[in-house]
2 protein chains.
Amino acid sequence: MAALDRSLISRLPLFRELTPDEQTELLRSARSSRYAKDTAIFEQETDAHSFFVLIAGHIRVVRTTPDGQQVIARYISEGEIFGVAAALGRTTYPASAVAAVDCVVLAWANALWPELARRFPAFGATTYRTVGNRLQETQTRVMEMSTEQVEQRVAHALLRLANQTGRKTDSGIEIDFPISRQDIAEMTGTTLHTVSRLLSKWEERGIIVSGRQKVTVKDPHRLVVLSENRDKG
Amino acid sequence: MAALDRSLISRLPLFRELTPDEQTELLRSARSSRYAKDTAIFEQETDAHSFFVLIAGHIRVVRTTPDGQQVIARYISEGEIFGVAAALGRTTYPASAVAAVDCVVLAWANALWPELARRFPAFGATTYRTVGNRLQETQTRVMEMSTEQVEQRVAHALLRLANQTGRKTDSGIEIDFPISRQDIAEMTGTTLHTVSRLLSKWEERGIIVSGRQKVTVKDPHRLVVLSENRDKG
DNA sequence: GGCAGAATTTGCGCTGGCGCAAACTCGGGG
DNA sequence: CCCCGAGTTTGCGCCAGCGCAAATTCTGCC
């Protein structure tokens with residue numbers, strides 16, 4: 001394996017508080033891998049052996065129900081840490097991680113976590129802050145599913161995707177990885193049919209443009225209105 | 001304030017890995033308070049000043065939407081740590097904590113967290129394990145809300161309550177704090193009307209008995225069947 | 001012991017969104 | 001360049017569960 005270059009991580013918030021030497025040291029214990037689109041980085045319920053940082057690409061975190069239905073827990077963007085079972089004392093991964101596009105990933109063996117967290121406190125702290133954010137986001141999602149209509153939830157989901165992974169184009173903010181109606185349905189607790197109908201309606205009104213596995217938000221503001229308003233359908 | 005007795009916490013899993021001396025030391029930096037039923041230990045969005053351990057009672061963790069609707073994030077039982085904003089680098093509480101019955105609570109100033117976590121690694125590790133469990137539970141709840149019918153969700157919620165806080169009586173497993181139909185609705189994303197109808201139906205069939213702010217599970221097994229089965233209404 | 005208010009039950013009508021099915025469209029591999 | 005299959009759109013019928021409303025039953029307080 002080639003030595004990993006510090007430039008891989010020096011720009012990422014997760015590592016920014018570390019000195020160059022520390023960054024180099026942290027990298028020395030990591031291994032890097034590529035994952036082709038639609039391959040799994042790890043699978044739900046399997047023994048957690050490593051934790052990861054996404055260097056390039058997008059990852060879909062998916063939980064599968066006992067009867068095989070899938071729910072998308074979240075998307076991971078570049079620079080984010082994921083699969084942090086070790087930091088939370090878990091022995092298995094509670095979900096699967098699947099490359100949404102070709103990805104580059106750094107991995108550390110779980111056994112290294114205690115030492116790394118001790119040696120680089122800022123790294124540990126950032127990780128736990130991330131966990132805290134995800135817990136809150138997940139609870140927010142429970143709230144949305146409890147109190148909002150499907151239309152509001154899908155609007156919220158698109159806005160979140162646009163913010164987190166949106167790429168500005170001349171026609172609007174494009175979600176920069178392939179995402180199907182089915183994916184959006186699995187993020188919002190509805191069916192691909194309902195998502196399709198909503199996107200069609202919004203496209204008619206010029207709020208978005210969408211194609212096969214592709215959504216571009218043209219008018220975020222009107223989407224915000226939809227996400228807040230129980231009526232105004 | 002009277003000195004806190006080590007017997008308060010020595011039986012709790014959170015502290016069991018600590019030596020008696022360590023337990024005493026940990027207690028020295030804590031303060032204990034009582035909260036009457038329906039009073040708040042902390043409020044959503046306010047500055048997080050402390051983290052807590054519940055010594056006696058039951059606590060409801062509630063999130064309120066911008067338009068005032070409430071969702072119950074979880075119930076805290078005796079011995080559990082809660083309000084751990086500090087450990088996750090948050091500056092405000094993401095939810096409110098309200099005493100479901102009269103409660104006794106230990107509190108530590110947030111500023112103490114780093115030192116305590118360093119000094120008592122087992123304490124920190126247990127806390128993070130708890131956070132990990134809650135994250136997973138919350139994601140499970142998202143899954144349930146995405147894929148299950150209301151009847152299944154309410155059955156799941158009752159089973160969870162019975163397991164976590166159930167008290168065995170001669171007539172079944174009684175949830176040992178006052179819980180209204182409205183509360184159950186806020187846990188499962190439905191309305192008190194629907195909960196009431198379900199409980200009535202289950203009572204007719206002898207699966208539960210229920211009264212005002214009270215539910216006793218008589219036949220957990222049939223409740224499990226209901227929680228798993230999309231039909232068999 | 002009685003009363004006011006809270007919690008619960010139950011009826012009824014309506015509808016958002018699901019399930020099913022069929023048609024259509026697009027993009028990539030052969 | 002054409003074909004195949006995945007992804008998407010759209011129509012249609014139905015029903016779980018919500019919203020509203022009213023009646024009923026507790027229960028804690030005075």
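Just so it is clear: chains get the letters A, B, ... in the order the sequence lines come, proteins before strands, and each one is counted from 1.
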### Message
Between C1' on C/dT15 and CD on A/Glu151, what's the gap in Å once rounded to a whole number?
### Response
15 Å
### Atom-to-atom span, NZ of B/Lys214 to C1' of C/dA6 - whole angstrom
18 Å
### Task
Classify every nucleotide of nucleotides 20-30 of chain C by which part a protein heavy atom approaches to under 4.0 Å, writing B for the base, S for the sugar-phosphate alone and - for neither, in 5'-to-3' order.
BB---BBS---
#### Entry: Side chain of B/Thr191 (C-beta onward), nearest among C/dG17, D/dT8, D/dG19
D/dG19
#### Entry: B/Ala99 versus B/Ile59, closest heavy-atom pair with distance
CA-CG1, 4.3 Å
### d(CD1, B/Ile208; P, C/dT8) in whole Å
12 Å
### Query
Under a 4.0 Å heavy-atom cut-off, which of residues 139-150 of chain A touch DNA chain C?
A/Gln149, A/Val150
### Query
Think A/Thr194 has a side-chain N or O under 4.0 angstrom from the OP1 or OP2 of C/dC18?
yes
### Message
Nearest to the B/Ser196 side chain among D/dC18, C/dC18, C/dT10, which nucleotide is it?
### Response
C/dT10
### Message
Let's go through B/Val84 and B/Val131 carefully: what are the C-alpha distance in whole Å and the side-chain angles of both, what is the deciding distance for side-chain contact (heavy atoms from CB on, under 4.5 Å) to 0.1 Å, and is it a yes or a no?
### Response
CA-CA 9 Å; B/Val84 292; B/Val131 170; 4.0 Å; yes
### Query
Reckon B/Ser200 touches a base, only the sugar-phosphate, or nothing at all at heavy-atom distances under 4.0 Å?
sugar-phosphate
## Note on the structure
Nearest heavy-atom contact between B/Pro178 and B/Lys37 is CG-NZ, 3.9 Å
## Note on the structure
To the nearest angstrom, the CG-P distance between A/Leu198 and D/dT8 comes to 14 Å
### Query
Below 4.5 Å, heavy atoms only, C-beta onward: do B/Tyr93 and B/His49 meet side chain to side chain?
yes
### Task
Please report the shortest heavy-atom distance between A/Lys201 and A/Glu151, naming the atom on each side.
NZ-OE2, 3.1 Å
### Query
Should A/Thr190 be listed as having a side-chain N or O under 4.0 Å from OP1 or OP2 of C/dC18?
yes
### Task
Taking all heavy atoms of B/Arg11 and all of B/Ile55, pick out the closest pair and write down the distance.
NH2-O, 3.8 Å
### Task
With B/Phe51 as reference, evaluate B/Phe42, B/Trp108, B/Phe82 under the ring-ring contact (aromatic ring centres under 6.0 Å, His included) test and give the passing residue.
B/Trp108
### First encountered from the 5' end of DNA chain C, between A/Val195 and B/Arg181
B/Arg181
### Query
side-chain contact (heavy atoms from CB on, under 4.5 Å) with B/Asp176: which residues, sequence neighbours excluded?
B/His58, B/Thr165, B/Arg167
### Query
Do you know which two heavy atoms are closest between A/Val217 and A/Ala162, and how far apart they sit?
CG2-CB, 4.2 Å
